[in-house]
Number of protein chains: 2
Amino acid sequence: MRESVGNAPPPDTPTPGRPRRFDTAAVLESALELFWKRGYHTTTTRELERYLGVNQSSLYNVFGTKQALLDAALDRYETLTTGALLGPLEDSESGLQAIEKFFSDLAHWVTRDGRRGCMLINMMAEDGTATESIKRRTRDYRKRVKLALKDSLQRAVANGEVAVDDLDQRASLLLGMVLGYNIAARGGASKQELQALLGAVNAQLSSWRCAQA
Amino acid sequence: MRESVGNAPPPDTPTPGRPRRFDTAAVLESALELFWKRGYHTTTTRELERYLGVNQSSLYNVFGTKQALLDAALDRYETLTTGALLGPLEDSESGLQAIEKFFSDLAHWVTRDGRRGCMLINMMAEDGTATESIKRRTRDYRKRVKLALKDSLQRAVANGEVAVDDLDQRASLLLGMVLGYNIAARGGASKQELQALLGAVNAQLSSWRCAQA
DNA sequence: TAATTTATAAAGCATATGCTTTATAATTGC
DNA sequence: GCAATTATAAAGCATATGCTTTATAAATTA
């Protein structure tokens with residue numbers, strides 16, 4: 001069942017049996033939305049049924065279990081976040097500017113539609129009962145974000161924008177701020193609070209900039 | 001009932017009726033422990049019953065509801081955290097040194113007994129369904145931490161340890177790192193990861209220090 | 001001792017949870 | 001049209017949840 005996930009448009013050779021009535025990809029997108037806003041444990045299968053407009057049995061036929069649905073949603077989330085946040089940072093040619101853009105993008109990403117935070121970072125804190133799969137994902141995510149930030153700093157050095165040697169420490173600082181900004185947003189911090197956090201990061205980045213750059 | 005919370009040792013004038021068999025304060029401490037480790041929603045009343053060794057009905061007679069028990073536990077938590085973390089920071093005469101100590105204390109506080117994070121910061125992220133009371137608490141906590149950090153920086157300036165003007169921004173940076181460190185610990189970050197975050201903060205603090213100090 | 005008051009243990013209650021089953025509807029190749 | 005195959009809706013299942021009730025135990029004052 002799991003291998004048919006994402007086959008929203010029916011394949012060229014029509015499959016036998018009654019055709020699926022819903023678009024798997026669209027339903028997955030809605031599930032992601034719900035898990036993102038409400039968290040995993042607080043989202044019930046009945047809620048999913050209502051919000052997605054798909055009967056529980058169909059949902060379970062296609063995705064297996066609630067955990068499996070979350071996993072599929074997280075796969076999708078990683079694609080989205082790569083496209084919107086991490087991809088641009090990783091692919092950019094610029095240094096400091098790419099980091100500034102990343103934090104600016106992050107601010108929008110994390111507060112759109114009534115403040116939800118980054119789903120993966122939310123998962124880190126949801127509770128102590130995370131799956132191994134979840135733990136691995138979140139660990140990888142922290143690692144990936146830090147590396148992307150460090151590489152950008154490296155480029156900034158190469159470009160002569162900044163002149164520092166302790167790149168790893170500075171990347172850690174930025175990673176910490178990414179995590180902190182997220183939990184503040186998730187915790188319902190006001191716009192002023194969030195703006196203050198963002199301002200602190202930007203001031204920090206500016207302070208690293210060489211005078212001549 | 002609520003007003004009798006915390007009256008662990010029986011008062012001088014013995015109350016009529018069967019005496020309580022458990023120490024209210026000790027039980028509250030255990031409840032705090034459990035909520036802290038496992039989060040609010042994932043802790044069930046049966047778990048509390050087992051872990052505290054107190055029957056549900058007794059628990060409900062003394063504390064009212066699960067939410068009320070959490071509230072009482074959070075009151076206790078605030079006392080504890082004030083004593084161990086915030087109090088020293090707020091009461092210190094020193095500047096930078098107090099902040100360094102605060103982060104060092106925080107690292108222990110947050111990782112003792114198998115890594116639980118700061119309970120109040122955990123509450124920010126538990127899920128989107130926080131009570132108004134919880135939201136207020138967490139908002140106040142962020143405010144208090146930032147203010148304490150800012151005041152310490154102010155003292156550092158007065159002491160001639162650092163020479164900067166944008167104190168609010170630097171306090172925001174440190175607050176962000178407090179939040180970020182916590183969620184990393186809660187999310188199961190390795191000792192290396194946590195050490196890296198802490199190292200970044202300390203490097204930052206050092207960089208603010210005047211050469212002559 | 002009797003009457004009163006409070007605490008406790010165990011069972012009970014209504015509802016919710018993740019997941020499955022049963023019956024039926026819609027499509028296929030023949 | 002007919003068997004085969006898959007999807008769906010609704011009901012069902014075992015268990016868990018927060019909280020309450022009932023019966024009884026242990027202390028008080030008189």
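In the text below, chain A, chain B and the rest are named by the order of the sequence lines, each starting its count at 1. Quantities reported herein were computed from a predicted structural model and do not represent experimental measurements.
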Taking CG from L59(A) and C1' from dA9(D), how many angstroms apart are they, rounded to a whole number?
14 Å
What string of B, S and - do you get for nucleotides 19-30 of chain C, 5' to 3', when a contact is any protein heavy atom under 4.0 Å?
B-B---BBBS--
Among residues at least two apart in sequence or on other chains, which ones pass side chain to side chain contact (heavy atoms under 4.5 Å, CB included) with S57(B)?
N55(B)
With sequence neighbours excluded, residues passing side chain to side chain contact (heavy atoms under 4.5 Å, CB included) with R46(B)
T44(B), E49(B), R50(B), Q56(B)
N or O in side chain of T44(B) less than 4.0 angstrom from dA16(D) OP1/OP2
no
Rounded to whole angstrom units, what separation is found between the CZ atom of R50(A) and the P atom of dG18(C)?
12 Å
d(CZ, R20(A); C1', dT5(D)) in whole Å
13 Å
Would you mind reading off the distance between H41(A) atom NE2 and dA16(C) atom C1', rounded to a whole angstrom?
15 Å
Cation-pi check, K66(A) onto Y40(A) ring (under 6.0 Å, within 45° of axis)
yes
Would you mind listing every salt bridge (Lys or Arg N to Asp or Glu O under 4.0 Å) that reaches into residues 76-92 of chain B, with sequence neighbours excluded?
E29(B)-R76(B), E78(B)-R137(B), E90(B)-R144(B)
Residue pairs passing the side-chain hydrogen bond (donor to acceptor under 3.5 Å, both in side chains) test with at least one member in residues 98-107 of chain A, sequence neighbours excluded, are K101(A)-D105(A)
Within this structure, what is the CD-to-P distance between E49(A) and dA9(D), rounded to whole angstrom?
9 Å
Using the side chain to side chain contact (heavy atoms under 4.5 Å, CB included) criterion, which residues pair with K146(B)? Sequence neighbours excluded.
A196(A), D168(B), A171(B), S172(B), L175(B)
